[in-house]
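This is a predicted model, so every value here is computed, not measured.
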Amino acid sequence: MSKLPETSCIEQLLTYPSPLEGIRRLMSKFLGKEIPRGRPLDTSKIESIRMGTTVATNALLERKGEKIAMVVTKGFKDCLEIGNQSRPKIFDLAIRKPDVLYEKVVEIDERVTLEDYAEDPERNITKVETRDSKNGAADQHLVRGLSSEAVRILQRPEEEIIRKQLKEVYDQGIRSIAVCLMHGYTFPDHEALVGKLARDIGFKHVSLSHELMPMIKLVPRATSACADAYLTPAIKKYIAGFQKGFEGGLGTESVKKESGEKGARCEFMQSDGGLVDVDNFSGLKAILSGPAGGVVGYALTSYDSETRTPVIGFDMGGTSTDVSRYGGRYEHVFETTTAGVTIQSPQLDINTVAAGGGSRLFFRNGLFVVGPESAGAHPGPGCYRKGGPATVTDANLFLGRLLPDFFPKIFGKNENEGLDVQASEKLLQELAEQINKENGKNMSADEVAYGFLTVANETMTRPIRSLTEAKGHDTSKHRLATFGGAGGQHAVAIAERLGIRQILVHRYSSVLSAYGMALADVVDERQEPDSKVWADKGDAKELLKKKIEELKQKSKVALQDQGFDEKSIVYEEYLNMRYRGTESALMIVKPEKEDVEKEFEGDEWAFGKAFVKQHQQEFGFTLPDRDIIVDDVRVRGIGKSFEGLGKTVDQQLKDIVPKDLKSGDKEYKRSHVYFEGGRQDTPIYKLEDLSIGDRIKGPAIVADGTQTIVVTPGASALIIETHVVINIGEKELTDSFSKPDTTKEVDPIMLSIFAHRFMAIAEQMGRALQKTSVSTNVKERLDYSCALFDSTGGLVANAPHLPVHLGSMSTCVKRQAEIWRGKLVKGDVVVSNHPEYGGTHLPDITVVTPAFDKSGEKILFYVASRAHHADIGGILPGSMPPHSRELYQEGAAIKSEKLVSAGRFNEERITELLLTEPAKYKGCSGTRCLADNLSDLKAQISSNMKGITLINDLIEEYGEDVVNFYMVNIQNNAELSVRNLLKDVSKRFEGQDLSAVDYMDDGSPIKLKITIDAEKGEAVFDFVGTGPEVYGNTNAPQAVTYSAIIYCLRCLISEDIPLNQGCLKPIKVLIPPKSFLSPSDKAAVVGGNVLTSQRVTDVILKAFQACAASQGDCNNLTFGFGGNIEGEKDIKGFGYYETIAGGSGAGRHWDGTNGVHTHMTNTRITDAEVFERRYPVLLREFSLRAGSGGAGKHRGGDGVIRDIEFRIPVQVSILSERRVYHPYGLAGGEDAQCGLNIWVRKVETSNPERSDKMLNGSNEKLDDAVFEERCINLGGKNTAAMKAGERIIICTPGGGGWGKVGDKKETKEMVQDPKHSWRGGSHATREELALQA
């Protein structure tokens, strides 16, 4: 086919809906004769076929895969429904978790666990000999797993019982199963047995988790196995249908045939950017098959291994905008979420950051809003002539940045008309009218359309910067490679905002995915688990080398089978490494020769040093005193398709002599196109009319039939052989934004821009904190918040990580601003955690930094970061005691201290406050992890400095007055949103009493009466009648109540609004002094933050009749041993803390959700396998508590059962609520069941004869004591010393029901989350984590 031009080949293949039809047309043209439809194609004329497909993605999005069953270890049947227990959207009362893929679950009575645990302070390692392959583990109870860990077999599976269970599934018509058993990644024997029995029965497809991805974590591995079982049959059906169209068949086996028609090689693009033979293509690895080609395409055509300038890929299509990065090697992630399904498999790190050309345009609450809702393909943008809404495409078309001449005439009723410019104009005119009416402005449709494009670009820039900087890279040091149909219209604006100077637009950019497939390599991935401690010398290193060589040999055989000779095969060798005690593993590639000589003293196997270097780059610190653990060994065998691709971009730029085009040269036509400030007479060029070396100065548009490239004033476009290269001058980088010259009136476009910029600053502060922190709580659980405040301490922007921090941070900053007024100087930093001073509970330490003007005299604004510290002293490890009565028992209490004085860190004073002061109280210890406390406090200081730098940049750009003006007006905007909500609520509840009461388990009432002034949109929240301060720890600082109010208002508004001080301006809160919502400064409060906050939320939502009660609890469980109490021996130990999900309350139009965190918390649960690897526990059961949700027209969600057996003696504490008062139902719905905490205790049985002998001091031999199990109710708040073999069973509350049982359900069509189909890479995972912290 080389006789045809390359573009012709691609266009022939892409023009037709069926790939087979495209190939038939292409072959007809190539052979010079028509091949009839339906006739199998002659494979002797085809060397190879390379394809990508969206079959798997579509089946996942639309839930149209195979009917499957999941086989799992007994006790974990609901593991995928519970998932990680977090809810996808923190402000949605109608919680919707993605549906599971299976139709039936089979629980297998088998069990293994790991013998040792990672948190063992003694570092004991059980030695186990390698298993005899002949005997296997048939007669052993302790065996060595694939990861070299000691595995204890507790229960072997019974073959006959399993066969019977599987036969029942088979008889129900299910033919595909997924198998995932506990610790199957290291001990696969039981999974293999189930797989053999299933195949014997006749199941057509069996997915075994250890074969697909042998990595630790039960839930992602089980989801991956289900996804594979669900999607692979659909892929196989698609491939079988495709293969029928070829005489000799397709794939490696067909090529090897010795007789008959020989087939052709056929490879499919996988999610990891590599090709795989058609016979080995599976559903699990097909999810990113389409977009992966685009990444390969830009990576191989835009990157130069000599100059090594990294590239950001910007793929903007009609329905989504994807971003990725290439710096010489494909960046992979191993756990991603697509369409609500978390997949554990190597995938390119592709992140959907916005909808695309189809992003819808709205004016809401005084702000310009772009997406995430999309018009999709049907009806599509307004200009598609199907009555669609206003979109980004319409704005570009109306402003002249899209040209109807270059679009095919496929629109309209008869699909023979062009784009409808008038329809776009009408929609934008309507938006302009709405904006002018609501804002009293006089904006033209041009200004409105351009405003929406400006906001769209800002919306996309935020996550791109986040993705790049989170990995320790500077966006300005990159090139931007843009592709996809809509990329060229936004590339210059995006690059300007990122500080990027050069944009590369490939000539085939709109079909780069197809082009990338042509260039891609065939890949064979191999991976095995491990658990060795890294050492630069010794046995561990040699054993890892041996394992890698074995994997390389397997890859070589697989690639040679596909026709690659040894010279064409190269390998990438990886170790997945992490510091002991952390979960932040990094996949480290074997250093390249150049780096070996330069940085690693000639050591080719310097994995340890490479890990330390990458850890420093990504996280900003190293932990030299900790072991480095190797979790996995991975080999990527690559069969090279091409040796060279011609000259690189840099080589072409070096050789080329640019020739500036004069006005009128090669112009297709001229058009009036809108740029900053107004429409300009702009030349339009056809790409095919331009010659290599032609340089065009902006403003200009370069277009062909597949793409439109907008060159803004001040930028220039240079045509080279492979690309259009756009260069941005220095002036454009600094002057790229619209700068208002007045602070007299609010510009809604600038208000929208500043909303994004302020929030971006809070987010970047958060990334800086996470990056430089050391503790698990901050780095991995993301239990922190960062925020920006005005000069009075009013909240301007707070990234919505933790609902309980939303309002309380401002209370703290305002108080500190008052205390230190006139006393702070540049370089001072203040620290506080005291409840009386705006704290929530003591482990949450707030660090506040003032930012001064250039003279250093006036404070312009404040930044603050609040982080949960794992321990700050007190009576129990973890500083979350269930029985604290006084504040001192909960650890260090800091009212207001200077953490930094004029730039000097006051380490002596903070050490005294954290370590010495708490230990002065009887039975209390100082902090048990001072080093971590100090490191995290320094990380908080660093995070604040990042915020100050970013705001100073903003002031440099716009001026101090303008930034301050919009700091105030963004709060006014939030105030307006809340006023509108209150006016709306007053109409709905006209004449009704908005009041509610609920009770804590000790009987303390929380009473609320809400009075709304409908005319002004104001409300009074009056808590008169609330109970007095308690001699316990459920007292809640006033700040907690403010947080609950902001959270509830945001849930009721159900639209994105800036979460800031303005939300509370229309609200007056009356809290009775001396009540347990306004406790004294010495009252214990640890339960107030995690328990009372939930009840306050329940009461507010009850008053608004918004939904029935959710579980109203966090179920705080802690266990461990060790400590350093004064006067006692210092014992090394460990501590563990988790919160546990329950049921959510039902509402007027929805059922409650099972096993999910609700309201004021959203933390993830530790995966079952990680839990058992790190701690001496056996998780007996983690399942839904059937029937615990309240019945009703809409049923409440069920709670969960968590049954934990301890393998060594530990101190166990539970701090919980709703063990007495039931979560209420509403509108006739029934209450949910209360929670229950059971201690399964080993109690010695009564033996009078033995007791007599002991009392009498008899010399006769005593019989062994006999123990029996007793179930003891621990109540809601208790602590107990549990022995080895004893258990705690936590049964969490359900959610209340809505409406009377039997009444017809009122269902409201739930609008699908517009981000449902977005691709989740590392950025998405981090954002999801942040929302689940």
Side-chain angles (χ1 to χ4, degrees), residues 366-368 439-441 443 447 450-451 453-455 457-459 461-462 465 475-476 493 495-499 675-678 712-714 728-765 787-797 813 817 824 826-827 849-864 944-975 1058 1060-1062:
L367 293 176
F368 280 61
N439 265 36
K441 299 282 179 193
M443 296 180 74
E447 290 169 329
Y450 189 72
L453 292 187
T454 309
V455 172
N457 294 331
E458 190 65 44
T459 307
T461 304
R462 263 172 68 189
R465 190 179 284 115
T475 54
S476 66
E496 286 172 348
R497 281 163 172 73
L498 295 171
F675 291 99
E676 183 75 53
T712 59
I728 301 167
E730 282 288 338
K731 185 176 185 298
E732 283 67 45
L733 284 175
T734 53
D735 295 349
S736 59
F737 306 113
S738 169
K739 297 186 182 180
D741 55 2
T742 177
T743 55
K744 289 177 184 172
E745 59 176 29
V746 177
D747 178 345
I749 299 169
M750 290 313 302
L751 187 65
S752 307
I753 294 292
F754 271 103
H756 280 285
R757 294 294 285 270
F758 291 145
M759 189 60 86
I761 289 167
E763 288 170 352
Q764 285 174 269
M765 286 174 66
L788 160 66
F789 304 83
D790 63 24
S791 57
T792 67
L795 178 64
V796 174
V813 175
L824 295 174
K826 208 167 187 175
T849 308
F852 288 82
D853 63 7
K854 286 181 180 176
S855 68
E857 294 177 5
K858 177 182 162 192
I859 293 175
L860 298 178
F861 56 88
Y862 292 90
V863 288
N944 288 2
M945 282 311 301
K946 176 76 171 175
I948 287 173
T949 303
L950 290 169
I951 302 171
N952 283 336
D953 289 347
L954 208 57
I955 289 171
E956 192 72 29
E957 193 177 317
Y958 290 102
E960 183 185 313
D961 291 344
V962 172
V963 172
N964 279 331
F965 178 74
Y966 282 99
M967 272 192 179
V968 171
N969 279 288
I970 203 70
Q971 295 177 57
N972 294 343
N973 174 261
E975 178 187 348
N1060 59 43
Q1061 206 62 36

Trainee: Distance check, rounded to the nearest 0.5 Å: Leu824 atom CG versus Ile859 atom CD1?
Mentor: 5.0 Å
Trainee: Which distance, rounded to the nearest 0.5 Å, do you find between the CD of Gln1061 and the CD1 of Ile970?
Mentor: 14.0 Å
Trainee: Determine whether the side chains of Asp790 and Gln971 contain a donor N or O and an acceptor N or O closer than 3.5 Å.
Mentor: yes
Trainee: What distance separates Met967 CE from Leu788 CG, expressed to the nearest 0.5 Å?
Mentor: 4.0 Å
Trainee: Taking all heavy atoms of Ala797 and all of Ala762, pick out the closest pair and write down the distance.
Mentor: O-CB, 4.1 Å
Trainee: Can you tell if the side chain of Met443 reaches within under 4.5 Å of the side chain of Ile749, non-hydrogen atoms only?
Mentor: yes
Trainee: Flag the pair Thr712 / Phe675 as yes when at least one side-chain heavy-atom distance between them is below 4.5 Å, and no otherwise.
Mentor: yes
Trainee: Glu857 versus Phe852: any side-chain heavy-atom pair under 4.5 Å?
Mentor: no
Trainee: Quick check against the 3.5 Å criterion: does Tyr966 have a side-chain atom that pairs as donor or acceptor with the backbone of Asp747?
Mentor: yes
Trainee: State, to 0.1 Å, how close Asn439 and Gly366 come at their nearest heavy-atom pair, and which atoms those are.
Mentor: OD1-CA, 4.5 Å
Trainee: Output the distance between atom CG (Leu498) and atom OG1 (Thr461), rounded to the nearest 0.5 Å.
Mentor: 5.0 Å
Trainee: Less than 4.5 Å apart, side chain to side chain, heavy atoms only: is that true for Lys826 and Pro850?
Mentor: no
Trainee: With sequence neighbours left out, what residues match Phe789 under ring pair (Phe, Tyr, Trp, His ring centres under 6.0 Å)?
Mentor: none
Trainee: Would you mind reporting whether Arg497 and Asn457 have side-chain heavy atoms less than 4.5 Å apart?
Mentor: yes
Trainee: Within this structure, what is the CG-CD distance for the pair Asn952 and Glu960, rounded to the nearest 0.5 Å?
Mentor: 10.0 Å
Trainee: In Å, rounded to the nearest 0.5 Å, how long is the span from CG of Leu950 to CD1 of Ile955?
Mentor: 11.5 Å
Trainee: Could you go through Arg757 and Met750, starting from their C-alpha distance and side-chain angles, then the distance that decides it, and tell me whether this counts as side chain to side chain contact (heavy atoms under 4.5 Å, CB included)?
Mentor: CA-CA 10 Å; Arg757 294 294 285 270; Met750 290 313 302; over 6 Å; no
Trainee: Measuring only between side-chain heavy atoms, which start at C-beta, is Gln764 closer than 4.5 Å to Arg465?
Mentor: yes
Trainee: Give me the atom names and distance for the closest heavy-atom approach of Ala787 to Met765.
Mentor: O-CE, 3.9 Å
Trainee: Describe, in one word, how the ring planes of Tyr958 and Phe754 are oriented to each other, choosing from parallel (under 30°), tilted (30 to 60°) and perpendicular (over 60°).
Mentor: tilted
Trainee: Using side-chain heavy atoms (C-beta onward) and a distance below 4.5 Å, is Phe965 in contact with Val746?
Mentor: yes
Trainee: Side chains of Ile951 and Phe861: does their closest heavy-atom pair fall under 4.5 Å?
Mentor: yes
Trainee: Which heavy-atom pair separates Asn1060 from Leu795 by the least distance, and what is that distance?
Mentor: CB-O, 2.9 Å
Trainee: Provide the closest heavy-atom pair for Ile948 versus Thr849 in the form atom of the first, atom of the second, distance.
Mentor: CD1-CG2, 3.4 Å
Trainee: Indicate yes or no for a side-chain donor-acceptor contact from Ser752 to the backbone of Phe368 under 3.5 Å, with no hydrogens or angles considered.
Mentor: yes
